[in-house]
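Note that the coordinates shown come from a computational prediction; the quantities given were computed from them, not determined experimentally. Just so it is clear: chains get the letters A, B, ... in the order the sequence lines come, proteins before strands, and each one is counted from 1.
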Amino acid sequence: MDQEALIGSCLRGNFEMKKRYFLKGLLFAYLILGWIHPLWASDSNLKTFTFPDVVGWRQSGEIQTFNPETLFEYINGGADLYLTYDFQELKVGEYSNEKKASVIIEVYRHKTPILAFGIYSQERLPDADFLEIGSQGYIETNVLNFLAGSTYVKINSFKTGADDREILMTFAKRISEALGPGGALPSILSSFPEEGKKKHSEKFIAVKFLGYAFLHSAFIVDYEVSGMKFKLFVIEGVERSDCRDMMLKYLQQTGNPAKDVVEGHYTLSDPYHGDIGIHWKGRNIWGILNVNDASLRSKYLELFDKRLQERK
Amino acid sequence: MGDADRRERTGPMGKRLIGRRDFMKSTLAGFGGFFFLPQIDMKQEFNVVEAKGKEKKFAYRPLGKTGIKLPVINMGVMNTNDPSLVKVALDSGMVMLDTAQTYQRGQNEGMIGEVLKARPRDAFVLATKARLPSDQKTGLYTEEATEGAFLKKVDVSLKNLGLDYVDIYYHHNVWKRESALYEPILKALEKVKKEGKARFVGITTHMNEPEVIQAAIDSKVYDVVLTSYNFQQKHYAEIRDAIARAAQAGLGIVGMKAIRAGNRQEPTVKSAASALKWVLQDPNVSTIVPGFTTFDEMSIDIAVAENPLLTDPENKDLEKVASVSGLYCQGCRQCLGQCPEHLPIPDLMRAYMYTYAYRNVVHAQETVLSLNLPARVCEDCGQCPVKCSIGFHVSAKIRDVARLREIPTEFLG
């Protein structure tokens, strides 16, 4: 019996007679075929999440829920980017008070904390007013956004006047408590060399790094040294062979087809990005973009190597 | 009435044969009938562009009465923050960049602004957009939506982009006629144009498109419409008609969501090019703004700009995909109000889709339970009066999916 027939059978047949088969079928699918997504497995805190009570405010309207198929109804063209970061579910709650001020809270859940960091990092400005809430957050007029594990929370306020900051902070605290421990930012970020690093510029690109489908996810950070702006990146492969495949394809792309590739340092003339210094070791590929000075490229690749070794 | 309409409505002697909508809705052949428009509709202007040292011959079309001429393919920038991709797109002959203030909270506009700094102002066409707070359920604006708030958004966009003006500023994501005609925003748009902050103003719609497009025509304010338009929309005929009316009224039409149907995560056609070409068969569409994120995807799109004619194998590919469905509610909302019990049919069809298309029984059950359905559902009406626009047997699907209520939640959790 295929999966669809199994569901159909269970729905149409006598429930009491078939529930055992149904349960077995679900378990089978969950364990073997993986077609029922473990919605809450990666983030049990959100499964039990409910919008908290906040003194002086009442929840207005119903909680809205959006999933990957309906997210576009809420954020339209912006939805595609969220989907590349494995968006799972959005809950939207609204509060209002007697002064007719209102607060809208959006709780986005992604598949993993790294993917949630990825979409958060896409929307975070490096010079924002950062807060210690969840894994990290920031505040500006009428907006407070923060990351907590695999959830990304966006709080927007309206007609809150001079109390805006205090109101946003109160809501953020209550939501953060309701979500539970916020966790930390991805640990690999600490491996990026400190010299010249632009604070809070770290981003996680979930797919098609550098515009190539064969390069999957990467962390990338902005640097500035003596007025020279450049970027460092690291790709974490699932295993060594994964990185080897990416290197072979990148060599091919840059006009250096090879049957095999060995670990080490390469300078690739990328037709779209210019000269890229790149180093492959084990299941990491790291590199430097937008630097013409070969010695500076080497210096940063070595610094990065050391930091990655320290992490291990 | 376009040639395609005339062809469907009349035989060789001019006698009406069959209603177009009926024909299209009832047969796949009818569906495919729209896929090939007569050659006369395929006439278009080709302009030679210098791209990366190579001469390319791009198909160009006018954008309504704006005086702007654009390649038939341009770039939707929403999915990338990679400036190299934008640079290469422009260097390859694309002209228009489409973004929005909400994309990456303004950082998408900021990234584009950095790329544009090095280019002459007349070398590109920049379109961006914003919207104001609204009730998500009704699509109507809330009291926070004021003229001043919209004008502030326009200024933020200009600051992000580092430009004195944009070419098109859109009123973003509208699906209700009342919102399309919302006076504070219309006033703001007129002011934006008058002050030279935007050369032209437009409206974007992803849902209930025909109603919004008609409102845009009636407003006499909008110059451009950016609309979802793809071969998988079962109400594409209505969209096509609305587009034709808008074009007749002088509005420029920009297509989006040509490859993805708008509610699917992955493209469902083997060849994205086929989906793009399908939209470009409509001569009233000036251009499309696909959101490519790789250089390979961009190459495919550029090839379409060079040769937008849909081939027979490509057409067959689309027909195949179009016939597969049966699980996907199109969200046209025409069923609303037809049910004597006022059941939330689109939500129930979504639950059906979760169950059978996405195989996510947990989410399907959550959806069904959240709807507070009456105890007996679709059992007492006898003949169901609901006529689904794509022919779903609505009551049967509802009865089927309503049974999810009987399954203890813990069995699924």
Side-chain angles (χ1 to χ4, degrees), chain A residues 3-4 7-8 10-12 15 19 22-23 26 29 35-37 39-40 47 61-62 64-65 67-81 83-84 89 92 100 102 104 119 122-125 143 145 156 158-159 203 205 207-213 253 270-274, chain B residues 76 78-82 84-85 87-88 98 100 102-107 129 131 133 135-137 142 144 172-173 204 206-207 256-257 260 262-265 291 293-298 331 350 353-356 358-363 366-367 370 400-401 403-404 406-408 411-413:
Chain A
Q3 298 151 21
E4 190 171 329
I7 299 171
C10 291
L11 291 175
R12 281 183 283 274
F15 169 67
K19 68 181 180 186
F22 184 73
L23 185 58
L26 283 173
W35 54 259
I36 291 184
H37 188 72
L39 278 173
W40 50 88
K47 190 194 174 190
E62 294 169 17
Q64 295 181 77
T65 303
N67 56 51
E69 291 78 41
T70 58
L71 183 64
F72 82 101
E73 292 172 13
Y74 190 69
I75 57 172
N76 55 76
D80 282 338
L81 190 67
L83 296 177
T84 65
E89 189 182 65
V92 183
K100 292 193 174 173
S102 60
I104 295 176
I119 190 68
Q122 287 287 340
E123 298 189 338
R124 170 186 68 167
L125 286 167
V143 173
N145 295 344
N156 288 277
F158 302 89
K159 294 186 177 175
K203 284 185 165 54
I205 313 296
V207 290
K208 303 172 184 174
F209 182 56
L210 297 180
Y212 296 121
Q253 173 71 30
D270 186 297
Y272 306 118
H273 300 283
Chain B
M78 74 291 260
N79 295 331
T80 183
N81 251 346
D82 184 348
S84 300
L85 203 63
K87 282 178 197 164
V88 175
D98 183 276
T102 52
Y103 300 159
Q104 297 107 58
R105 298 187 68 247
Q107 295 199 67
K129 41 189 117 66
R131 87 174 255 110
D135 183 323
Q136 290 290 330
K137 285 189 176 163
T142 58
E144 289 86 9
H172 195 189
N173 189 24
T204 81
H206 308 68
M207 215 161 58
M256 63 173 165
K257 305 229 182 302
R260 298 178 183 189
N263 55 355
R264 316 269 179 85
Q265 190 163 356
T293 54
T294 69
F295 295 103
D296 286 344
E297 289 168 2
M298 183 169 63
R350 214 169 67 230
M353 177 185 75
Y354 296 150
T355 310
Y356 292 107
Y358 297 103
R359 301 175 179 194
N360 189 336
V361 185
V362 176
H363 209 77
E366 281 176 3
T367 304
S370 73
D400 192 18
V401 78
R403 294 186 188 208
L404 282 170
E406 300 165 18
I407 302 174
F411 272 37
L412 303 180

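For a residue to count as touching a neighbouring chain, one of its non-hydrogen atoms must lie under 4.5 Å from one of that chain's; by this rule A/Ile205 does not touch chain B. Interface remark: A/Gln64 contributes side-chain atoms only to the contact with chain B (heavy atom separation under 4.5 Å). Using a 4.5 Å cut-off between heavy atoms, A/Val143 touches chain B through its side chain atoms alone. For B/Phe295, the parts lying near chain A are the backbone and the side chain together; criterion is any non-hydrogen pair under 4.5 Å. Using a 4.5 Å cut-off between heavy atoms, A/Asn145 touches chain B through its side chain atoms alone.
The minimum heavy-atom distance between B/Glu366 and A/Glu89, with the atom names listed, is OE1-OE2, 4.0 Å. For A/Thr70 against B/Arg350, the heavy-atom pair with the smallest separation is CG2-CD, 3.3 Å. In terms of heavy atoms, A/Tyr272 sits closest to B/Val88 at CD2-CG2, 3.5 Å.
Checked by atom type and distance alone, the side chain of B/Glu144 never pairs as donor or acceptor with a backbone atom of A/Phe158 at under 3.5 Å.
With a 4.5 Å cut-off on side-chain heavy atoms, A/Glu73 and B/Met207 count as touching. Contact of the B/Asp82 side chain with the A/His273 side chain is registered, since non-hydrogen atoms from C-beta on lie closer than 4.5 Å.
A donor-acceptor contact closer than 3.5 angstrom links the side chains of B/Thr293 and A/Lys208.
A/Leu210 CG to B/Thr294 OG1: the interatomic distance, rounded to the nearest 0.5 Å, is 12.0 Å.
Between chain B and the residues A/Lys203, A/Lys100, A/Arg124, the most heavy-atom pairs under 4.5 angstrom are made by A/Arg124.
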